[in-house]
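Following: one structure in structure tokens, then a few remarks.
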Amino acid sequence: MSSPKSLHGVNYAPPRSFKTVLKANVKETLFPDDPFYEFKNEKLSKRILKGIQYFIPICQWLPRYKFGLFMYDLLAGITIASLAIPQGISYAKLAELPPIIGLYSSFVPPLIYAIFGSSKHLAVGTVATCSLIIAEAVQQKVKPEDNMELYVSLFYTAALISGLLQTALGVLRLGFLVDFLSHSTITGFMGGTALIICLQQLKGMLGLKHFTSRTDVYHVLRAVIENRKEWTWQCAAVGAFFLAFLQLSRYVRKKKPSLFWVSAISPIIVVVAGCLFAYFFNAEKHGIAIVGKLNKGINPSSIHLINFSPEYLPNVVKAAIITAMIAIAEGIAIGRSFAIMNNDQIDGNKEMVAIGLMNIVGSLTSCYLSTGPFSKTAVNYNAGCKSQMSNVVMSLCMLLTLLFLAPLFGYTPLVALAAIIMSAMIGLLDYEKAVHLYKTDKFDFLICMVAFFGVAFISMDMGLILSVGLALIRALLYVARPPTCKLGTITNTAFRDIEQYPGSNETPGMLILKLGSPIYFPNSNYVRERILRWVRDEQSLENSQRNEIEYLLLDFGGVTSIDITGVETLKELRRCLAAKNIKIILINPRLGVMEKLIATKFIDFLGKESIFLTIEEAIENCSFSLNSSSQEKREDLEIA
């Protein structure tokens with residue numbers, strides 16, 4: 001006869017200590033990828049070396065670097081540098097910063113990322129979305145035309161706070177917080193931001209001198225119409241020509257992926273052509289504004305410009321938090337996407353540290369927020385980059401530009417920059433993805449549209465908050481209303497959801513239910529009511545279909561945890577069913593659940609004979625009891 005400690009093969013070992021459980025939970029929460037598994041069974045010197053290589057990835061890949069790889073990285077670095085120059089100037093103008101800061105931001109951050117970053121393909125630079133978000137927040141307190149030095153200092157402060165937050169999240173292994181920005185939210189947010197950025201470029205495309213500081217569609221279109229007397233046909237003609245050229249290059253890349261370089265170099269061609277046009281034809285005399293004077297020289301220190309004044313800090317912190325989350329979500333998602341193509345993996349938490357450190361150092365060297373833009377990373381990947389060295393090459397190209405070529409870019413027409421930004425943003429209006437969401441998941445589509453219209457017609461931060469809030473409500477609904485299903489037999493050992501497999505057979509005298517989530521306070525009442533409804537519905541069927549239930553079999557294989565409220569719910573459920581002469585059978589409770597049931601004495605309350613490892617064993621045991629009960633009833637009838 002088997003020991004009661006192992007009745008039906010079930011393990012009733014004493015619960016683990018609180019320290020053991022806490023350690024296991026912390027490890028699964030913060031270290032799900034077990035990043036230090038390579039350190040096991042190694043000597044101390046090896047552990048120190050691997051520790052340095054883990055936290056500073058350049059110490060791992062640089063000693064193994066071969067000259068043969070450098071030729072690929074050299075080509076990729078030069079290619080993305082040709083894209084970084086026009087993008088840097090354009091996005092700085094979008095944020096209403098001095099254009100030289102856009103070039104500064106493509107020099108220092110890539111060097112820092114090459115040291116601490118783990119992605120071979122991520123190309124570092126500024127992005128339009130974060131540029132506009134910070135500009136919108138800062139301009140609520142100070143306008144660039146009123147005090148440019150203060151305006152710029154608040155950008156540096158926002159970059160510093162973002163970097164500190166990103167680094168802290170990475171060090172504390174809190175990368176899972178970024179997962180609350182769902183794919184649908186990001187799609188809608190990026191689409192809405194792309195729309196308003198495109199509309200804002202009408203200022204440059206039409207040569208407007210007066211414009212609104214608001215970012216929503218209504219105020220932007222209103223400003224364009226109210227200032228229609230400032231429209232210049234020269235700007236519109238040049239802008240339309242540049243935009244058509246850029247879109248044609250994107251079309252060529254789409255039709256012939258091998259010609260990706262055509263699209264990659266088209267922005268620098270537009271800038272060079274615009275500079276030549278402005279210089280030889282005196283564009284300013286014809287109403288076409290240019291960037292203006294750009295001084296030579298590398299990044300000056302900006303430590304003295306960091307501003308924590310209470311008057312401006314709330315706006316700066318708000319912008320810093322939003323852009324920090326967007327930057328790491330975009331950077332990590334893009335890095336992982338390209339890593340998967342090469343069967344590589346990157347550590348999201350290490351990436352957060354790398355992005356955070358480059359923004360901290362950048363904020364102290366006259367750079368504003370940077371991350372890994374998709375367009376630049378795609379060009380880097382298609383150009384054949386093999387390592388982080390491509391970022392070093394790009395940085396060196398930017399150094400040469402700052403030392404020798406920067407003044408030449410002062411002739412760049414603003415309409416050329418507007419065309420570059422507009423062309424880049426049109427690519428982010430991914431209507432096909434929105435249609436796909438509509439066809440596959442209406443709620444995800446709603447989340448996407450809330451972000452899109454919230455950003456476009458209210459504000460960027462409000463659109464993001466509304467979309468994230470709706471996504472969290474959906475997640476809470478999943479938690480509060482967990483799935484349950486009734487199981488039937490397809491074969492003797494296969495039990496499946498009868499709704500999914502209508503032809504499956506029920507087991508006489510038994511109701512088999514599968515629970516698919518933890519049981520705790522938000523959902524315990526629902527779980528109890530749903531189970532009782534299953535029982536009621538089963539007993540209310542027509543006589544020919546009625547299943548006189550004597551046993552309720554609960555498959556706990558999908559119940560990963562349970563709290564005290566959940567245990568009390570199981571006790572209430574047992575009392576309710578006992579009044580109907582129905583016994584509860586638990587099948588395959590997980591380790592954490594079993595420990596809680598033992599600690600709360602629920603196992604003693606239910607009885608160890610009611611716990612089984614498999615559904616088959618439970619049915620076999622309960623069938624024997626059913627047969628015995630049926631025979632006793634027949635004997636009682638015969639005597640009567």
Side-chain angles (χ1 to χ4, degrees), residues 29-31 33 35 54-58 91 95 104-106 108-119 122-134 137-138 154-181 185-186 189-190 302-303 306 308 313 315-337 339 346-374 376-377 388 391 460-461 464 468:
T29 301
L30 303 182
F31 303 95
D33 53 346
Y54 177 81
F55 291 107
I56 310 177
I58 195 173
Y91 295 155
Y104 290 159
S105 301
S106 294
V108 174
L111 285 177
I112 304 301
Y113 183 82
I115 297 172
F116 296 100
S118 58
S119 172
L122 197 72
V124 172
T126 55
V127 289
T129 304
C130 294
S131 302
L132 193 60
I133 291 174
I134 301 175
V138 172
L154 296 180
F155 265 79
Y156 297 153
T157 307
L160 176 61
I161 296 172
S162 290
L164 291 172
L165 176 60
Q166 291 163 339
T167 304
L169 290 174
V171 170
L172 298 175
R173 309 289 296 181
L174 298 177
F176 63 87
L177 294 177
V178 181
D179 297 335
F180 285 100
L181 291 176
T185 295
I186 293 175
F189 179 81
M190 297 301 287
S302 55
I303 297 175
I306 302 299
F308 291 108
L313 197 59
N315 288 61
V316 172
V317 169
K318 182 182 74 171
I321 293 173
I322 294 174
T323 52
M325 299 302 287
I326 292 172
I328 56 181
E330 183 176 0
I332 293 172
I334 291 169
R336 282 177 175 166
S337 299
I346 63 170
D347 186 336
N349 291 290
K350 285 169 66 176
E351 285 297 284
M352 281 193 282
V353 172
I355 294 173
L357 288 176
M358 76 181 189
N359 281 316
I360 291 173
V361 176
S363 69
L364 304 178
T365 54
S366 300
C367 305
Y368 75 105
L369 191 77
S370 301
T371 183
F374 176 79
K376 197 179 293 184
T377 303
Q388 294 90 323
N391 275 299
M460 286 183 287
D461 52 352
L464 187 63
V468 171

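If you're wondering where the values come from, they're calculated on a predicted model, not measured in any experiment. If you read the sequence from its start, that first residue is 1, and numbering goes on from there.
- Smallest separation of non-hydrogen atoms from S105 and P110: O-CD, 4.3 Å.
- Proximity of a side-chain donor or acceptor of Q388 to a complementary backbone N or O of G117 within less than 3.5 Å is detected.
- Annotation: the span from L122 atom CG to T377 atom OG1 amounts to 4.5 Å, rounded to 0.5 Å.
- Between the side chain of D347 and the backbone N or O of S118 there is no donor-acceptor pair closer than 3.5 Å.
- Once rounded to the nearest 0.5 Å, the distance linking CG of L160 with CG of L165 reads 11.0 Å.
- Contact of the K350 side chain with the F55 side chain is not registered, since no non-hydrogen atoms from C-beta on lie closer than 4.5 Å.
- Note that CG of L154 and CD1 of I306 are 9.5 Å apart. Values are rounded to the nearest 0.5 Å.
- Judged by distance alone, with hydrogens and angles left aside, the side-chain atoms of N315 form a donor-acceptor pair with the main-chain N or O of A137 at under 3.5 Å.
- Taking CD1 of I355 as the start and CD1 of I112 as the end, the distance is 13.5 Å to the nearest 0.5 Å.
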Assess the residue pair I326 and V127 against the criterion (side chain to side chain contact (heavy atoms under 4.5 Å, CB included)); give the C-alpha distance rounded to whole Å, side-chain angles, the decisive distance to 0.1 Å, and a yes or no.
CA-CA 10 Å; I326 292 172; V127 289; over 6 Å; no
- Message: Run the side chain to side chain contact (heavy atoms under 4.5 Å, CB included) test on E351 and I328 for me, step by step, so that the C-alpha distance in whole Å, both residues' side-chain angles and the decisive distance to 0.1 Å come before the verdict.
- Response: CA-CA 8 Å; E351 285 297 284; I328 56 181; over 6 Å; no
* Residues Y368, T126; criterion side chain to side chain contact (heavy atoms under 4.5 Å, CB included); working and verdict -> CA-CA 8 Å; Y368 75 105; T126 55; 3.6 Å; yes
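- Between C130 and Y91 the shortest side-chain heavy-atom distance does not fall below 4.5 Å.
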request  = Starting from the C-alpha separation in whole Å, work towards a yes-or-no answer on side chain to side chain contact (heavy atoms under 4.5 Å, CB included) for N359 and T371.
outcome  = CA-CA 8 Å; N359 281 316; T371 183; 6.0 Å; no
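- L369 CG to I161 CD1: the interatomic distance, rounded to the nearest 0.5 Å, is 11.5 Å.
- To the nearest 0.5 Å, the span separating CG on L111 from CE on M358 amounts to 11.5 Å.
- Side chain of S363 to backbone of T157: no donor-acceptor contact under 3.5 angstrom is found.
- Taking all atoms of both residues into account, the shortest heavy-atom contact from C367 to P109 is SG-CD, 3.8 Å.
- D461 places no side-chain N or O within donor-acceptor distance of the main-chain N or O of A319, the cut-off being under 3.5 Å.
- Minimum interatomic distance between I133 and T323 (heavy atoms only, all atoms of both residues): CG2-CG2, 3.7 Å.
- Pairing each heavy atom of G125 with each of P373, the nearest pair is N-CD, 3.7 Å.
- Heavy atoms only, all atoms of each residue included: L464 and I322 are closest at CD2-CG2, 3.8 Å.
- Closest of all the heavy-atom pairs between N349 and L174 is OD1-N, 3.5 Å.
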